[in-house]
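The structure under discussion appears below in the form of structure tokens.
Note that the structure is predicted; figures quoted are calculated from it, not measured. Every chain is numbered from 1, with letters handed out A, B, ... down the list of sequences.
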Number of protein chains: 2
Amino acid sequence: MDEETDGILQNRPAARDVDATDRKILGVLVDDATISYAELGDRVGLSPPAVHERVKRLRRSGAIRNTAAIIDPKAVRKPLLAFVHIDTKGWGKTPELMAISEHPEVEEIHSVAGDTCMLIKVRTEDTRALEGLLSRLYETPGVTSTRSYVVLSTYLERPVQPGITTEWPTPRHMAKPLY
Amino acid sequence: MDEETDGILQNRPAARDVDATDRKILGVLVDDATISYAELGDRVGLSPPAVHERVKRLRRSGAIRNTAAIIDPKAVRKPLLAFVHIDTKGWGKTPELMAISEHPEVEEIHSVAGDTCMLIKVRTEDTRALEGLLSRLYETPGVTSTRSYVVLSTYLERPVQPGITTEWPTPRHMAKPLY
DNA sequence: GATAATCGCCGTATTAAATTCTGTATCAAT
DNA sequence: ATTGATACAGAATTTAATACGGCGATTATC
């Protein structure tokens with residue numbers, strides 16, 4: 001296992017290469033991870049123990065980070081989605097970053113190239129709760145300004161759909177990834 | 001079932017209210033949906049058939065949209081994440097919207113309040129692929145301008161964590177949700 | 001070019017979990 | 001007070017997950 005820590009999120013590289021069959025498996029499991037290994041085997045053309053072995057390998061390697069229930073935000077009274085740009089000065093490694101990730105309303109934290117430094121995705125109960133969160137964020141030392149984009153309506157929300165798309169270039173034809 | 005279509009994403013309301021036990025269940029399943037009903041029952045203080053019944057109800061009501069494998073984008077050679085603001089004129093219901101959602105690189109489409117109209121999240125293999133996607137988006141009739149925010153580093157990426165937070169206000173104390 | 005080793009897969013067997021069924025207690029409404 | 005509905009627990013059954021042994025193909029090594 002790789003000990004490199006890329007921010008808070010662990011980004012260990014996949015041990016072995018993900019081949020075409022693996023991508024088919026991932027494509028199915030992204031849609032529905034509750035199916036049996038028998039049916040998964042049918043869909044990708046393998047026996048139940050064989051797919052089981054591959055899924056276990058995909059889990060170990062980190063290609064499958066985890067299998068989670070996807071919750072409807074409205075059902076848990078978090079209907080308000082917003083993106084917030086945060087300008088910072090002297091953006092260091094982790095101190096304020098940890099403080100931001102402590103807030104349970106924060107779902108994503110990205111460092112972006114452009115006219116602002118950080119882009120975070122937050123989900124709250126209503127505008128009042130959003131206001132409270134923003135003021136708490138503003139109190140974080142190093143934060144110089146925030147700009148919020150309140151989502152009025154969401155038309156699409158889906159995870160990464162691997163393999164479904166097309167064939168992928170083999171690794172040797174690929175440019176070095178950005179990160 | 002409710003027939004109201006809120007964009008492409010179906011947003012049917014939960015049939016029954018999600019109570020404290022349900023939120024505990026959701027909190028566990030968001031972390032790990034592979035555990036047995038026996039252990040899930042232990043954690044929330046119910047028998048295996050009882051939690052099973054509740055989980056089935058949460059699925060039926062739509063509180064659990066689905067249970068999916070969360071994929072590491074790097075493992076499937078989609079390391080480049082970007083957010084794109086799209087300005088449009090005469091933003092209608094679905095024609096261009098459908099065209100945008102056809103692109104498999106697009107993971108989310110949101111309508112936002114602010115100085116731009118749409119905010120989409122895209123994931124590509126590299127900057128060249130991003131450029132291609134942007135030019136294809138630009139060819140969509142109605143799109144007047146785009147502004148991209150390329151993500152340099154992601155520090156946090158997690159789904160909605162229901163119930164873990166605190167107690168929620170009961171429905172009758174709640175303001176009307178924004179959407 | 002032959003041999004050994006490794007890897008991935010299948011079929012079977014075993015274990016564990018999902019699911020069904022039945023009965024019971026609790027709460028709500030009549 | 002009675003009836004109905006709901007939610008839960010326990011036992012039984014069905015189904016799936018997991019472990020094991022063996023086979024064939026590919027790869028490395030001599």
Side-chain angles (χ1 to χ4, degrees), chain A residues 1 12-71 75-76 162-163 167-168 170-172, chain B residues 1 12-71 75-76 162-163 167-168 170-172:
Chain A
M1 190 193 296
R12 49 184 177 179
R16 215 167 302 281
D17 227 42
V18 173
D19 66 5
T21 305
D22 288 329
R23 288 195 292 271
K24 271 198 271 187
I25 292 172
L26 294 178
V28 173
L29 292 184
V30 161
D31 260 1
D32 183 7
T34 66
I35 65 172
S36 66
Y37 288 113
E39 183 169 347
L40 180 58
D42 271 349
R43 297 220 197 148
V44 304
L46 284 179
S47 72
V51 272
H52 183 225
E53 193 58 43
R54 290 185 93 111
V55 170
K56 274 196 293 185
R57 202 183 65 205
L58 289 168
R59 283 191 215 278
R60 275 200 312 270
S61 71
I64 297 178
R65 282 179 176 158
N66 68 340
T67 107
I70 308 298
I71 310 298
V76 293
E167 279 308 309
W168 308 73
T170 55
R172 59 184 173 278
Chain B
M1 189 193 296
R12 49 183 177 181
R16 214 166 303 279
D17 227 41
V18 173
D19 67 6
T21 305
D22 288 329
R23 287 195 293 272
K24 271 198 273 186
I25 291 172
L26 295 178
V28 174
L29 292 184
V30 161
D31 261 359
D32 183 7
T34 66
I35 66 172
S36 67
Y37 287 114
E39 184 171 346
L40 181 57
D42 271 349
R43 297 219 197 147
V44 304
L46 285 178
S47 70
V51 272
H52 183 225
E53 194 58 44
R54 290 185 95 111
V55 170
K56 274 196 294 185
R57 202 183 62 204
L58 288 168
R59 284 191 214 278
R60 275 199 313 270
S61 71
I64 297 178
R65 281 180 176 157
N66 68 337
T67 108
I70 309 298
I71 310 299
V76 293
E167 280 308 309
W168 307 75
T170 55
R172 60 183 172 280

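If you check every strand for non-hydrogen atoms under 4.0 Å, B:S47 touches a base.
The CZ-C1' distance, from B:R54 to C:dA18, rounds to 19 Å in whole Å. Spacing between atom CG of B:D42 and atom P of D:dA9 amounts to 11 Å, rounded to whole angstrom units. Atom CD1 in B:I25 sits about 12 Å away from atom P in D:dA7, given to the nearest Å. The separation between A:E39 atom CD and D:dT15 atom P is 15 Å, rounded to whole Å. To the nearest angstrom, P of D:dA5 lies 16 Å from CD of B:E53. In this entry the distance linking CD1 of A:I35 with P of D:dA17 reads 9 Å, nearest Å. If you measure from atom CG of A:D19 to atom P of C:dG8, you get 9 Å, rounded to the nearest angstrom. The distance from atom CG of A:D32 to atom C1' of D:dA16 is 15 Å, rounded to the nearest whole Å.
Rounded to the nearest 0.5 Å, atoms CZ (B:R65) and CG (B:L58) are 14.0 Å apart. With values rounded to the nearest 0.5 angstrom, A:E53 atom CD is found 10.5 Å from A:S47 atom OG. Here CG of B:L29 is found 7.0 Å from CD1 of A:I71. Values are rounded to the nearest 0.5 Å.
Across C:dT20, C:dC9, C:dA17, the shortest atom-to-atom separation from the side chain of B:K56 is found for C:dT20. Taking the side chain of B:P49 as heavy atoms from C-beta on, and the options C:dT20, C:dC9, C:dA18, the nearest nucleotide is C:dT20. For A:S36, taking side-chain heavy atoms from C-beta onward, the closest of the listed nucleotides D:dC8, C:dC9, D:dA16 is D:dA16. The nucleotide whose nearest atom lies closest to any side-chain atom of A:Y37 is, among D:dT18, D:dA7, C:dC10, D:dT18.
When the side-chain nitrogen and oxygen atoms of B:H52 are compared with OP1 and OP2 of C:dT19, one or more of them lie within a distance under 4.0 Å. Between B:R57 and the phosphate of D:dT6, there is no side-chain N or O to OP1/OP2 separation shorter than 4.0 Å.
In this structure, the side chains of A:V76 and B:L26 come closer than 4.5 Å at one or more pairs of heavy atoms.
Considering A:V28, A:L46, A:D32 in turn, A:V28 is the only one that fulfils the side-chain contact (heavy atoms from CB on, under 4.5 Å) rule with A:L40.
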